[in-house]
Amino acid sequence: MGSWKRTSYCTEVGKTDVGKTVCLMGWVNSYRDHGGVIFIDLRDRAGLVQVVFNPTFAASAHDKANLLRNEWVIAVSGEVRPRPADMVNPKLRTGAIEVWVKEMRILNRSAATPFAIEDEAKINEELRLKYRYLDLRRPEMQKKIICRHRVVKLIRDHFDTNGFYEIETPFLAKSTPEGARDYLIPSRISPGKFYALPQSPQLFKQILMVAGFDRYFQVVRCMRDEDLRADRQPEFTQLDVEMSFPQPEDIYELIEGVLARIWKEILGIEIPRPFPKLSWDEAMSKYGCDKPDTRYELFLQDLSDIFPNSEYRFFKQALADGGIIKGMNAPGCAEWSRKDTDDLTYALKAYGAKGLTAMRLQDSGLAGPVVKYLSADEQNKMLERLSAKKGDLILIMGDKFAVTNEAMNQLRQMIARKMNIIPEHKYNFLWVVDFPLFDWSENEKRWKSTHHPFTMPRAEDLDKLEFDPGKIKALAYDIVLNGVEIGGGSIRIHRPDIQERVFHALGISDEEAKIKFGFLLDAFKYGAPPHGGIALGIDRLMQIVVGGTSIRDVIPFPKTQAGADLMVDAPSEVSEDQLKELHLEVTKEDLT
RNA sequence: GGGGUCGUGGUGUAGCCUGGUUUAACACAUCGGCCUGUCAAGCCGAAGAUCGCCAGUUCAAAUCUGGUCGACCCCGCCA
């Protein structure tokens, strides 16, 4: 490029520049050679502009232009000219003008790309990930990544304005029990010992409160060695927040503030505040789910009290086994076929449902194979509870609490999709509050933290810690957007005595607590302020902001479902020497 | 660990169910030629895949079967 200096981005050239000489640098987006005049759409991160090589205007530039191919990198210097009225291209932002090239420099050539650099291209994702640098050249991807920058910038500004300090915490940290599987880093200096990559900076941010920083935030990478999903990557970015002396309302206020600003400044949408709040109990009851999509009005109803003595053995059995019966009304769906309801039933099996009972409310009355087992009283109560009208489809199932709720939650979503009643450009934020402090783990036969072991129990529930842990509600809250959990947090325990009692309830011994969290318990002895916070998943948030279907599209270099980076080919083997230094040995059976 | 979908020139797809007249088709891209106003440029021509990989069934396999590898979706898992 010699001494040339770019004067602007492609799309910054406009009508006001007519007559001026500009210097542009970028990629050949498309090439149209008419034998005489040659047109090129020049692309940079801002967009496209048409440049013209006319042999009568600049013969040597035109000669060189004959060589050009897509994706070559060039610099052009030329004159901005208006296009004749009938040649204006309304599809281009710069369509009213074009740049007549006086001089052109070829800065780099390009091999033919494995796929076209254009938005419409439906390229298989494997290929996109292998050639991520080409995928990221597509304007659609650039837009998403740039949008992410703007959102993160806004977040930093917002928190700075509100008196928060961004403070870094270690990546080489300590493995903790509870929670996700840790990524481990072997220590070279201490044979047989390992660091763990943080699942979140949870303990460090609490320590920062003990240290008196009062308000902390961080846009930070977190790592969890668990299986991937469309909305889960092994490394992901959190907006991590902690503050001292907070009420939950302070956290709500802060987070609503930053989200409202993002929606206003990035999407141009005013979102109503304060966000609605729903207790966990109510969410489970109405939606069967702790992160309900409230964009559509379909609700579950508990019917357990109606069928305690039912003739229908599946209902009776479910209740006898200590389960619940829940129903849902799909309004106007009575005409759905047997196949439709069979498909729903089949789909629910993945969530543990053994069956689904479908009934139609037709002109002739309630219809369905199960109707004959239900008494008139049961039918009437059920129809009333479900507000069923003629033409409605009624769907009911009974099982254990968790299975029924999960299956009915999935059913609710399937029905909504099938009825096509999910509004696309609606953003329903929701706080889900009053979570249970513990869940019973059937596998491990012990209580586990719903949120994490540092969550403060509700004050009035403290005395249940030792004898009724399942009934304790936590000072914990999740923020949900359109059925996606985008964040969660809690008020923390700041008193060592309560923390110890929670560890006991979790089956964590004094000794284990001391080894794993001794530093935290120690810190709490020296005047720990009451504190609490929240963490938001930036990737999931961005996915919704840009309207995508996978978080991989808002992550510049994501991993595949098998946790591989196809571009750099990670993970990969390392040399014997490296292993030796780390005091590691790979067993033979792992290599086959 | 389990269930499902997919894998055909550089890219996206058709063909596969109903194995053999298909020399594996089409579009885009690529390469060469023509063309002074295109912007999904156009026209003419060329090259390019043995059908992810392995094994089996068969006289014969892109097509059927089994396995395997990879991508994606989901269950488990994800405090």
Side-chain angles (χ1 to χ4, degrees), chain A residues 29-42 48-57 62 69-71 81 83-84 86-92 94-95 98 100 110-131 134 176-182 199-200 202-203 222-234 236 346-353 403 406-407 410 435 437-439 441-444 447-455 474 476 485 488-490 502 506 508 535 537 549-550 552 559-564 566:
Chain A
N29 192 66
S30 81
Y31 176 89
R32 295 178 293 278
D33 180 356
H34 287 254
V37 67
I38 294 170
F39 299 99
I40 279 171
D41 289 337
L42 188 68
L48 300 176
V49 70
Q50 174 163 280
V51 301
V52 183
F53 296 89
N54 191 311
T56 61
F57 182 74
H62 178 268
R69 294 292 181 271
N70 283 343
E71 300 308 314
R81 293 195 177 183
R83 298 204 202 180
D86 57 334
M87 287 169 201
V88 167
N89 183 356
K91 286 189 220 159
L92 283 189
T94 53
E98 58 195 10
W100 283 56
S110 170
T113 53
F115 51 85
I117 312 303
E118 58 189 26
D119 284 345
E120 295 73 25
K122 301 161 289 179
I123 319 144
N124 109 45
E125 197 167 359
E126 200 172 346
L127 201 68
R128 291 176 54 200
L129 291 175
K130 180 167 180 195
Y131 298 97
L134 298 179
T176 53
E178 303 279 302
R181 191 176 296 113
D182 286 315
Q199 299 175 23
S200 84
Q202 182 60 38
L203 298 175
C222 304
M223 295 79 165
R224 296 177 188 176
D225 187 4
E226 297 291 350
D227 287 350
L228 289 79
R229 289 285 187 284
D231 62 352
R232 263 165 38 193
Q233 284 274 308
F236 58 99
Y346 181 77
L348 290 187
K349 291 203 193 297
Y351 304 97
V403 173
E406 179 55 19
Q410 294 294 337
F435 275 76
L437 186 67
F438 302 118
D439 289 325
S441 165
E442 239 356 276
N443 290 342
E444 301 173 43
W447 293 103
K448 298 186 82 169
S449 291
T450 305
H451 186 53
H452 59 50
F454 317 106
T455 305
E485 180 197 328
S490 62
V502 169
L506 289 167
I508 299 173
T549 54
S550 152
R552 290 187 298 276
K559 294 186 172 47
T560 68
Q561 188 152 51
L566 297 181

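We name chains A, B, ... by the order of the sequence lines, and we start the count at 1 in each one. Treat the numbers as computed from the prediction; the structure is a model and nothing was measured.
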**Q** Between Arg232(A) and Asp227(A), does any side-chain N to carboxylate O distance fall below 4.0 Å?
**A**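 The answer is no: the pair does not qualify as a salt bridge.
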
**Q** Looking at every strand, decide which applies to Thr455(A) at a 4.0 Å heavy-atom threshold: base, sugar-phosphate, or nothing.
**A**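 Nothing, no nucleic acid heavy atom in range.
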
**Q** For the pair Asp182(A) (side chain) and Gln199(A) (backbone), establish whether a donor and an acceptor sit closer than 3.5 Å, ignoring hydrogens and angles.
**A**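 Absent.
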
**Q** In whole angstrom, give me the gap between the C1' atoms of C16(B) and U22(B).
**A**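 The same atom, C1', in both gives a distance of 14 Å.
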
**Q** Which value, in whole Å, describes the distance between the C1' atoms of nucleotides C64(B) and C75(B)?
**A**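 The same atom, C1', in both gives a distance of 31 Å.
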
**Q** With distance as the sole test, does Ser449(A) use its side chain to make a donor-acceptor pair with the main-chain N or O of Phe454(A) at under 3.5 Å?
**A**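 Checked: no pair found.
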
**Q** Examine distances only and state if a side-chain atom of Glu226(A) and a backbone atom of Arg181(A) form a donor-acceptor pair shorter than 3.5 Å.
**A**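 Pair found, side chain donor or acceptor close to backbone of Arg181(A).
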
**Q** I need the Leu92(A) CG to Gln50(A) CD distance, nearest 0.5 Å.
**A**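 Going from CG on Leu92(A) over to CD on Gln50(A), the span is 7.5 Å.
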
**Q** Considering only nitrogen or oxygen atoms on both sides, find all protein atoms under 3.5 Å from nucleotides 31-42 of chain B and state each distance.
**A**
unit_1, atom_1, unit_2, atom_2, d
C31(B), OP1, Arg69(A), NE, 3.0
C31(B), OP2, Arg69(A), NE, 3.4
G32(B), OP2, Arg69(A), NH2, 3.0
C35(B), N3, Asp33(A), O, 3.1
C35(B), N3, Gly35(A), N, 3.3
U36(B), OP2, Gly36(A), N, 3.3
U36(B), O4', Val37(A), N, 3.4
G37(B), N1, Glu98(A), OE2, 2.9
G37(B), N2, Glu98(A), OE1, 2.6
G37(B), N2, Glu98(A), OE2, 2.9
U38(B), O4', His34(A), NE2, 3.2
U38(B), O2, Arg32(A), NE, 2.6
U38(B), O2, Arg32(A), NH2, 3.2
U38(B), O2, Gln50(A), OE1, 3.3
U38(B), N3, Gln50(A), OE1, 2.8
U38(B), N3, Gln50(A), NE2, 3.0
U38(B), O4, Gln50(A), NE2, 2.7
U38(B), O4, Arg83(A), NH1, 3.2
C39(B), O4', Arg32(A), NE, 3.2
C39(B), O2, Gln50(A), OE1, 3.3
C39(B), O2, Asn89(A), ND2, 3.0
C39(B), N3, Arg83(A), NH1, 2.6
C39(B), N4, Arg83(A), NH1, 3.2
C39(B), N4, Met87(A), O, 2.6
A40(B), OP1, Lys91(A), NZ, 3.3
A40(B), OP2, Lys91(A), NZ, 2.9
A41(B), N6, Asp33(A), O, 2.5
A41(B), N1, His34(A), ND1, 3.4

**Q** Rounded off to whole Å, could you give me the NZ-to-C1' distance for the Lys130(A) and G10(B) pair?
**A**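 After rounding, the gap between these two atoms is 12 Å.
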
**Q** What interatomic distance, in whole Å, is found between P of A61(B) and the corresponding atom of U5(B)?
**A**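 Nearest-Å result for U5(B) against A61(B) at atom P: 26 Å.
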
**Q** Could you let me know what C6(B) is paired to, Watson-Crick or G-U wobble, both distances under 3.5 Å, or none if it's on its own?
**A**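 WC or wobble partner is G70(B).
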
**Q** Measure the CG-CD1 distance between Leu48(A) and Ile40(A) for me, rounded to the nearest 0.5 Å.
**A**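 If I round to the nearest 0.5 Å, the distance is 12.5 Å.
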
**Q** Distance check, P atoms only: G10(B) and U58(B), in whole angstrom units.
**A**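 Each nucleotide's P atom is 34 Å from the other's.
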
**Q** Would you give a per-nucleotide map of nucleotides 69-77 of chain B, 5' to 3', where B means the base has a protein non-hydrogen atom under 4.0 Å away, S means only the sugar-phosphate does, and - means neither?
**A** -SSBBSBBB

**Q** I need the CG-C1' distance between Leu127(A) and A29(B), as an integer number of Å.
**A**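 Result: 13 Å.
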
**Q** Mind checking the C1' distance from U23(B) to G15(B)? Whole angstroms is fine.
**A**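 One C1' to the other, the span is 15 Å.
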
**Q** By nearest nucleotide on RNA chain B, pick out whichever of Glu118(A) and Tyr346(A) is the more 5' one.
**A**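 Nearer the 5' end of the strand: Tyr346(A).
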
**Q** Watson-Crick or G-U wobble partner for A46(B), using a 3.5 Å limit on both distances?
**A**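 Because both required distances fall under 3.5 Å, A46(B) counts as paired with U30(B).
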
**Q** Which base, if any, makes a Watson-Crick or G-U wobble pair with U58(B), both distances under 3.5 Å?
**A**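 Pair assignment: U58(B) / none.
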
**Q** If we take the P atom in both A29(B) and U11(B), what is their distance in whole Å?
**A**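 Roughly 15 Å separates the two P atoms.
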
**Q** CG/Leu437(A) to NZ/Lys448(A) distance, rounded to the nearest 0.5 angstrom?
**A**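 Between Leu437(A) CG and Lys448(A) NZ, I get 14.0 Å after rounding to 0.5 Å.
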
**Q** Determine the Euclidean distance between corresponding C1' atoms of A46(B) and U8(B); express it in Å to zero decimal places.
**A**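 Looking at atom C1' only, U8(B) and A46(B) are 22 Å apart.
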
**Q** When the P atoms of A60(B) and A14(B) are considered, how many whole Å apart are they?
**A**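 Result for the P pair: 29 Å, nearest Å.
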
**Q** So which nucleotide does G76(B) pair with, by the Watson-Crick or G-U wobble rule with both distances under 3.5 Å?
**A**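 Result: none.
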
**Q** Keeping His62(A) on the side-chain end and Gly36(A) on the backbone end, is there a donor-acceptor pair under 3.5 Å?
**A**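 It does hold such a pair.
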
**Q** Would you call the rings of His34(A) and Phe39(A) parallel, tilted or perpendicular, taking 30° and 60° as the class edges?
**A**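 If you compare the ring of His34(A) with that of Phe39(A), the planes turn out perpendicular.
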
**Q** Checking Arg83(A) side chain against Gly95(A) main chain: does a donor-acceptor pair fall under 3.5 Å?
**A**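 Pair found, side chain donor or acceptor close to backbone of Gly95(A).
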
**Q** Pro114(A) near the nucleic acid: base, sugar-phosphate alone, or nothing, with a heavy-atom cut-off under 4.0 Å?
**A**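 The residue Pro114(A) makes sugar-phosphate contact but no base contact.
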
